[in-house]
Amino acid sequence: MRTVVFASSNAGKLRELQALLGEGWLVKSAQDFPEIPEVDEDADTFEGNAAKKARTFAKATGLWALADDSGLVVDALGGRPGVYSARYAPTEPERIEKLLAELKDVPPAKRTARFVCVLCLASPSGEERFTRGTCEGVIGLTRKGTHGFGYDPVFELPNGKTMSELTRDEKSALSHRGHAVRAMLPQLIAAGA
Ligand code: ITT
C-alpha cells in the first residue's frame, strides 16, 4: 500500500483523489494531522496557493505532500471567482446562488467557464512539482444533479449534463482534477509516496 499526504480539508476533493488513485493508495488528509494549522491561502494564483499548502504539510510531516488548489473561472465575470472560488460566499448553496444572480442577464452562449485544478507535490527539502488540469463548460440557468460538490450542479458539459449528473468515475474521466492527478501520478510514484 502506498501512502500520500494530501494537504486538504475538502471532503469532495479527498473522495475524488482516493477514487482516482485506487485501492492501492492510502490518502491521509488534513483531518489526520489536526496539529497542522490552517494555511492562509493569500496567493493570487492557483500555483501559489497549491505550493503554500503542499510546502506547509511537507515541512510539518517530513513527507512528500500533495496539495490541490482549484476553482471556477467564468469568462463573463472576467475570470472570477477563480482562486477565490471557496471564499466567493460563505456556504456552497450561497456561492451557487450568487453565481446565478451575477449571471442572470448573461445569455447561454456567453456563459462559458472552466474548472481549473493545480496540483503541487512538495518535498520536505523544498523540491516542487506542478500539474494543471482544466475542464471546459458553461454555467447553466438552474441546478441539476445530486453528485459531486461545490459548483458541480451548475457546471454544464458539452453533452448538456452537469458535473453533478455524472457518477464519480464519469467525472474523474473528464474533470480538471482527473487530468491533473493522472499527469502527477508518475511523479507521485517517483517520489516514493
Ligand atoms: P483545501 O484548500 O483544504 O483543499 P478548499 O475548498 O478551500 O479546500 P480551494 O481553496 O482550492 O479548496 O477552493 C476550491 C473551490 O473551488 C472549492 O471550494 C469549490 O467551491 C470549487 N471547486 C473546486 N473543484 C471543484 C469541483 O471539482 N467541483 C465543483 N467545485 C469545485
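Along the sequence shown, residues are numbered consecutively beginning with 1. Order of appearance sets the numbers: ligands from 1, and atoms from 1 within every ligand.
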Near [X], which atoms of ligand 1 are under 4.0 Å from a heavy atom of that residue?
X: His176; result: 24 (N), 25 (C), 26 (C), 27 (O)
X: Asp68; result: 4 (O), 11 (O)
X: Ser8; result: 1 (P), 3 (O), 4 (O)
X: Gly150; result: 29 (C), 30 (N)

Does [X] have a non-hydrogen atom less than 4.0 Å from ligand 1?
X: Lys53; result: yes
X: Ser175; result: no
X: Ser9; result: yes
X: Asp69; result: yes

Among all protein heavy atoms, pick out the one at the shortest distance from [atom]; state its residue, atom name and that distance to 0.1 Å.
atom: atom 9 (P) of ligand 1; result: Lys13 NZ, 3.5 Å
atom: atom 27 (O) of ligand 1; result: Lys171 NZ, 2.8 Å
atom: atom 13 (O) of ligand 1; result: Ala86 CB, 3.4 Å
atom: atom 10 (O) of ligand 1; result: Glu41 OE1, 2.9 Å
atom: atom 6 (O) of ligand 1; result: Asn10 ND2, 2.9 Å
atom: atom 30 (N) of ligand 1; result: Tyr151 N, 3.1 Å
atom: atom 29 (C) of ligand 1; result: Phe149 O, 3.0 Å
atom: atom 28 (N) of ligand 1; result: Asp152 OD1, 2.7 Å

Residue portion contacting ligand 1 (non-hydrogen atoms closer than 4.0 Å) for [X]:
X: Phe115; answer: side chain
X: Met163; answer: neither
X: Glu92; answer: neither

Fill in: Nearest candidate to atom 14 (C) of ligand 1, where distance is taken over non-hydrogen atoms, out of Ser29, Ser70, Ser85
Ser70
Item to complete: Could you grab the distance from atom CZ of Arg177 to atom CE of Met184, nearest 0.5 Å is fine?
Response: 13.0 Å
Item to complete: Name the orientation class of the two ring planes belonging to Phe57 and Phe33 (parallel below 30°, tilted from 30 to 60°, perpendicular beyond 60°).
Response: perpendicular
Practice prompt. Test Leu14 against every option in Ser29, Ser9, Ser8 by the side chain to side chain contact (heavy atoms under 4.5 Å, CB included) rule and name the one that passes.
Written response: Ser29
Discussion item. Could you walk me through whether Asn10 and Phe149 satisfy the side chain to side chain contact (heavy atoms under 4.5 Å, CB included) test, starting with their C-alpha distance in whole Å, then the side-chain angles of each, then the deciding distance to 0.1 Å, before giving a yes or no?
Written reply: CA-CA 10 Å; Asn10 181 311; Phe149 69 97; 3.8 Å; yes
Fill in: Flag for Ser164-Thr162: side-chain donor and acceptor within less than 3.5 Å
no
Minimum heavy-atom distance [X]-[Y], with the two atoms named:
X: Ala67; Y: Ala54; answer: CB-N, 3.5 Å
X: Val83; Y: Phe46; answer: CG1-N, 3.4 Å
X: Ala51; Y: Phe130; answer: CB-CZ, 3.9 Å
X: Lys13; Y: Ser70; answer: CE-OG, 3.5 Å
X: His179; Y: Thr134; answer: CD2-O, 3.4 Å
X: Arg168; Y: Ala19; answer: CD-CB, 3.6 Å

Practice prompt. Show your reasoning for whether side chain to side chain contact (heavy atoms under 4.5 Å, CB included) applies to Leu166 and His147.
Written response: CA-CA 7 Å; Leu166 304 183; His147 301 288; over 6 Å; no
